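Quantities reported herein were computed from a predicted structural model and do not represent experimental measurements. All residue numbers in this chain count up from 1 along the given sequence.
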Amino acid sequence: MRKESESENRVQLTMAKQQGTLIEVHNLPNDDYFNVGFVVAFDPVFCLMISIDWDGKINGLIAIRIKSILYTERHSDYLMTVSEKTKVAHDHNYFDIWQVQKFIDNHPKITQGNLLSNLLNDSYENRLPVVIGTEKYKGSDDFTGIITDLTPIKVTIHYYLKLESTQKDRSRYQLWLFFTKISFKQLHEERFEYFQVSNS
């Protein structure tokens, strides 16, 4: 499995930010899933990106733990395709339907200081759906839900869990609503690798 040094990944992320170009960030061991976007900020622990989906439109903001990044790509065929799709999305006015870029321009403090805390606070205040990915299961146990309580000590999130049904006459998957309490300490430790604010 390909793995670059943290310093090399930081160099590539910095160059992508300075040049305003798309970058692939591979932070999960399965190459079928990775993040694509524009780097907007760093802190000592996290990199903040505007996430771009396969259709070339903005999918939200994502903070990725820099130490968890295996490698980055700045000139892949996939990026070239997504880049062309962003042009089409711009031309047809659906690139930023959630006005994420406008939000960042109007709230520059979200890109300063502690990026994870900034996203947590904004997600809680605006009741935005979030995804929290952990290091242990590498993307297979994401918490996807709404933050319902946020204090300096803990985060409470109501999240959905997709389970396979064992009964043939029922749908293949069921969504179950759970809640969990996560301490700020846990979020800042290495077990939590990424935090995404999703608009879709």
Side-chain angles (χ1 to χ4, degrees), residues 6-7 9-25 27 35-53 56-69 72 74 86 89-90 93-135 142-159 180-200:
E6 182 180 343
S7 60
N9 288 331
R10 283 182 182 271
V11 166
Q12 295 303 318
L13 291 165
T14 301
M15 290 174 63
K17 180 179 184 292
Q18 290 172 345
Q19 296 172 5
T21 55
L22 284 171
I23 188 168
E24 282 179 26
V25 176
N27 62 318
N35 292 287
V36 172
F38 295 98
V39 178
V40 293
F42 297 99
D43 68 14
V45 180
F46 286 92
C47 166
L48 181 64
M49 292 173 52
I50 295 175
S51 177
I52 305 295
D53 67 15
K57 65 183 187 299
I58 292 178
N59 191 35
L61 291 171
I62 184 166
I64 301 174
R65 185 178 299 277
I66 297 170
K67 280 187 179 179
S68 77
I69 297 173
T72 62
R74 295 185 52 233
T86 63
H90 273 290
N93 300 313
Y94 64 87
F95 175 70
D96 191 6
I97 58 175
W98 304 105
Q99 300 186 338
V100 173
Q101 187 60 60
K102 182 178 179 182
F103 169 79
I104 292 172
D105 292 343
N106 292 339
H107 301 86
K109 286 188 177 180
I110 202 161
T111 64
Q112 301 164 8
N114 187 319
L115 298 176
L116 183 61
S117 291
N118 295 347
L119 288 182
L120 285 168
N121 284 314
D122 184 70
S123 301
Y124 173 63
E125 290 168 9
N126 295 291
R127 293 192 54 79
L128 297 173
V130 300
V131 179
I132 300 175
T134 67
E135 189 244 355
D142 295 343
F143 296 102
T144 302
I146 301 285
I147 297 171
T148 57
D149 189 34
L150 183 64
T151 71
I153 305 298
K154 70 178 182 297
V155 178
T156 302
I157 180 171
H158 285 198
Y159 69 99
T180 187
K181 293 184 179 180
I182 304 168
S183 72
F184 261 86
K185 183 180 178 193
Q186 285 177 309
L187 281 172
H188 285 281
E189 287 173 350
E190 291 186 18
R191 56 194 283 181
F192 286 88
E193 291 196 341
Y194 59 90
F195 181 87
Q196 182 167 14
V197 183
S198 177
N199 295 297
S200 53

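Side-chain atoms of Asp53 come within 3.5 Å of backbone N or O of Gly56 as a donor-acceptor pair. With hydrogens and angles disregarded, no donor-acceptor distance shorter than 3.5 Å links the side chain of Asn118 to the backbone of Gly113. Put simply, the side chain of Ser117 never gets that close to the backbone of Asn114: no donor and acceptor are under 3.5 Å apart. Side-chain atoms of Asp96 come within 3.5 Å of backbone N or O of Gln101 as a donor-acceptor pair.
Phe103 has its side chain within reach of Ile110: a pair of non-hydrogen atoms, C-beta onward, lies under 4.5 Å apart. Counting heavy atoms from C-beta outward, Glu6 and Ile69 have side chains that stay 4.5 Å or more apart. In this structure the side chain of Glu24 never reaches within 4.5 angstrom of the side chain of Arg74, judged on heavy atoms. At least one side-chain heavy atom of Ile52 sits less than 4.5 Å from a side-chain heavy atom of Phe95.
Atom CZ of Phe42 and atom CG of Leu48 lie 10.0 Å apart (nearest 0.5 Å). Asn121 CG to Leu119 CG: the interatomic distance, rounded to the nearest 0.5 Å, is 9.5 Å. Here Cys47 contributes atom SG and Lys67 contributes atom NZ; the two are 15.5 Å apart, rounded to the nearest 0.5 Å. Atom CG of residue Leu115 and atom CD1 of residue Ile64 lie 12.0 Å apart, to the nearest 0.5 angstrom. Annotation: the span from Lys17 atom NZ to Thr14 atom OG1 amounts to 8.0 Å, rounded to 0.5 Å. The distance from the CG atom of Leu13 to the CD1 atom of Ile23 is 4.5 Å, given to the nearest 0.5 Å.
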Between Leu150 and Thr156, is a side chain to side chain contact (heavy atoms under 4.5 Å, CB included) present by the stated rule, with each step listed?
CA-CA 6 Å; Leu150 183 64; Thr156 302; over 6 Å; no
Between Tyr124 and Thr148, does the side chain to side chain contact (heavy atoms under 4.5 Å, CB included) criterion hold? Intermediate values first, please.
CA-CA 7 Å; Tyr124 173 63; Thr148 57; 5.7 Å; no
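Residues Leu61 and Ile50 share a closest heavy-atom pair of CD2-CG1, 3.8 Å.
Of the residues listed (Asp105, Ile58, Val40), the one engaging Val100 in a side-chain contact (heavy atoms from CB on, under 4.5 Å) is Ile58, and it is the only one.
Side-chain polar atoms of Asn126 and Asp122 form a donor-acceptor pair below 3.5 angstrom.
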